[in-house]
J.: 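Got a structure here, written out as structure tokens. Questions coming.
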Amino acid sequence: MKTFQVLQLSLIFSIFVNLVQSQYLFPDDFKFGVASSAYQIEGAWNVNGKGMSIWDRITHTTDIVPDNATGDIACDSYHNWERDVEMVKETGVDFYRFSLAWTRIFPDGYISYVNQDGVDYYNNIINKLIENDIEPVITLYHWDLPQMFSPQGGWANPAIIDLFTYYAKKAFEFFGDRVKLWITFNEPKVFCQDFNLFMSAANEVYPSGVIDYMCTYHVLKAHAETYHIYNREFKATQKGRISLTLNFEWSEPGSDSPEDIAAAEQRRQFEFGLYANPIINFDYPKIVKDRIAERSKQQGFPESRLPQFTLAEKLRIRGTYDFLGLNHYSTWHVFAAAERDIAEISYESDMGTFRNQSNEWPTSGSDWNKVVPWGLRRILQWIKKTYRNPIVLITECGYPDQTGTLDDEPRQDFLRDYFNATLEAIHEDQVNVQAFTIWSLMDNLEWQQGYRIKFGLFHVDFEDEARTRTAKKSVAYVRSVVETRKTD
Ligand code: PNW
């Protein structure tokens, strides 16, 4: 045969293979999970010795949550944990990411008194998961700070660093023989850069642009210390991995103009780099440092409102990750904007830029959760480039609606699209993403949106005292993806 014919034949053959196998597969060692968090599901807020957290106080004493909703009962997972494990099993996934309620184990936050009931509760869940071949993944801090620490400013007070690390160390002692994946913090950007909401009390206002950076500074130090404790005292025997989880909404330049391209990058650095850069690269991102220092100076501050790390601290924080946890929900168009009035002292004015979402992007049950799967792929590409291709575990991604309907095709479509974006990132961009976690196992208390927004793979009947759970259609879809390794 002539060379030409061979080429022609092989071309036809490869088109045929592509047609038959039009789809990428999830690698065998790629893991799937589902997630929840303590305050959003557990209930039993004051049962059997549990202490009060800031979210108990916020829901009881402020009106930021609609319908007077609270987590007092929530999904009552305190009593329904066996059913929860059954549900995880039904989805077929490899792991369950849940969080510890600090105050269920240490009611006042201090480790001087252990509430054994809390330790037993989490031991039961962990043991049942393992019995069912499901890996427990624990988040130490998913926003429910012990209320005892709130009057002292919580994460704005340096005392919190030791208080957190003591608690974390106890958690490794109690559960680390069986838990091999730890997440110190869930989304510090959310609880620091929205500090007022997360500490909100009737007559207090916490100044943005000051206190939120103190929070950032203390969280990064607490994370690093916790990482070092685990590394030094537990890793050799327990053989687990530890990191933190950062949320990242993709910032796409609003146009091809150099200004908008720069604005999008500036926003990524303020929202994500603020936390990722000190841990993975070194120190805060330069653009963030420079902008806050410059605005602080113009405002008459003697030094930057962003507390600076010493060289020793920078070195201590750098490298404190075994993987990068990523929570992702949506995408925005970002534009350059005129500098805000210098008198305005806030994180938002430090960050600058302006953002909106395209009306052409399909919407979901929550205004800003537009469905933009390519945004996830761009994030993964950007992380690879900016941080030298770290291991990425997607620790949350999910679709909200307002009905909780069992016929949740839109959720299934969302998952298919975001799974495909992940597959393209793996196979076409060689991004090192190794897990996908669906938020959430079940409908639950969606923080300041109460029970109005529903992310669950399982429906929960909040009218029913038993909080009966029912699988939505997307559960079968998830199970089939996990089994077949393909998205349809
Ligand atoms: C996450 N954002 O919060 C939380 O980790 C979950 O507890 C929560 O239920 C889930 O997302 C759904 O909202 C986020 O503004 C809050 O980019 C805000 C953002 C991202 C995540």
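Each ligand, and each atom within it, is numbered from 1 in the order the structure gives.
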J.: I'd like to check which ligand 1 atoms, numbered from 1 as shown, lie under 4.0 Å from a non-hydrogen atom of F455.
T.: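 So the answer, numbered in order with elements, is 12 (C), 13 (O).
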J.: For residues T405 and R411, is any side-chain donor paired with an opposing acceptor at under 3.5 Å?
T.: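 The criterion, which ignores hydrogens and geometry beyond distance, is not satisfied for R411 and T405.
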J.: State whether W250 and R378 meet the cation-pi test: NZ (Lys) or CZ (Arg) under 6.0 Å from the six-membered ring centroid, and within 45° of the perpendicular axis.
T.: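 No; the conditions do not both hold, so R378 does not lie above the ring face of W250.
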J.: At less than 4.0 angstrom from any non-hydrogen atom of H142, what atoms of ligand 1 do you find?
T.: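 This gives 4 (C), 5 (O), 6 (C), 7 (O) as the contact atoms.
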J.: Around atom 19 (C) of ligand 1, find the nearest protein heavy atom and jot down its residue, atom name and distance.
T.: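 Going atom by atom, the protein heavy atom closest to atom 19 (C) of ligand 1 ends up being W368 CH2, 3.8 Å.
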J.: Could you tell me if any non-hydrogen atom of Q449 lies under 4.0 Å from any atom of ligand 1?
T.: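 Contact absent.
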J.: Regarding atom 11 (O) of ligand 1: of the candidates Y39, W439, Y329, which has the closest heavy atom?
T.: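 Selected option, by shortest heavy-atom distance: Y329.
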J.: To check your reading of the model: name the closest protein heavy atom to atom 18 (C) of ligand 1, its residue, and the distance in Å.
T.: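 Answer for atom 18 (C) of ligand 1: V190 CG2, 4.0 Å.
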J.: Show me which atoms of ligand 1 lie under 4.0 Å from any heavy atom of E396.
T.: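 Contacts of ligand 1 toward E396, numbered from 1: 1 (C), 4 (C), 5 (O), 6 (C), 10 (C), 11 (O).
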J.: Considering heavy atoms of the protein only, find what lies nearest to atom 17 (O) of ligand 1 and give residue, atom and distance to 0.1 Å.
T.: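 Residue, atom and distance for the closest contact: E249 CG, 3.1 Å.
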J.: Taking only heavy atoms of E446, which atoms of ligand 1 are found under 4.0 Å from at least one of them?
T.: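 Result: 8 (C), 9 (O), 12 (C), 13 (O).
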J.: Would you check if there is a donor-acceptor pair between the side chains of Y477 and D408 at a distance under 3.5 Å?
T.: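 Y477 and D408 do not have a side-chain donor-acceptor pair below 3.5 Å.
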J.: Could you tell me, atom by atom, which parts of ligand 1 come under 4.0 Å of a heavy atom of E187?
T.: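 Numbered from 1, ligand 1 contributes 1 (C), 3 (O), 4 (C), 5 (O), 14 (C), 16 (C), 21 (C).
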J.: If you define the side chain from C-beta out and look only at heavy atoms, does anything of R97 sit under 4.5 Å from T245?
T.: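 A side-chain contact exists here, since the closest heavy-atom pair is under 4.5 Å.
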J.: Atom CZ of residue position F174 - does it have more than 12 heavy atoms of other residues, nucleotides or ligands inside 6.0 Å?
T.: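 Buried by this count: over 12 neighbours within 6.0 Å.
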J.: Is it true that the side chains of E265 and W382 contain a donor and an acceptor less than 3.5 Å apart?
T.: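 Short answer, yes.
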J.: At under 4.0 Å between heavy atoms, is it the side chain or the backbone of N186 that contacts ligand 1, or both, or neither?
T.: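 Within the 4.0 Å criterion, N186 contacts ligand 1 through side-chain atoms alone.
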J.: Give a yes-or-no answer on whether the side chains of N80 and D84 include a donor-acceptor pair shorter than 3.5 Å.
T.: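 Checked: N80/D84 side chains show no N/O donor-acceptor pair below 3.5 Å.
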J.: Applying a strict 4.0 Å limit to heavy atoms, is W143 in contact with ligand 1?
T.: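 Heavy atoms of W143 do come under 4.0 Å of ligand 1.
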J.: Salt bridge or not between K472 and D443? Use side-chain N to carboxylate O under 4.0 Å.
T.: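 Answer for the salt bridge query: yes.
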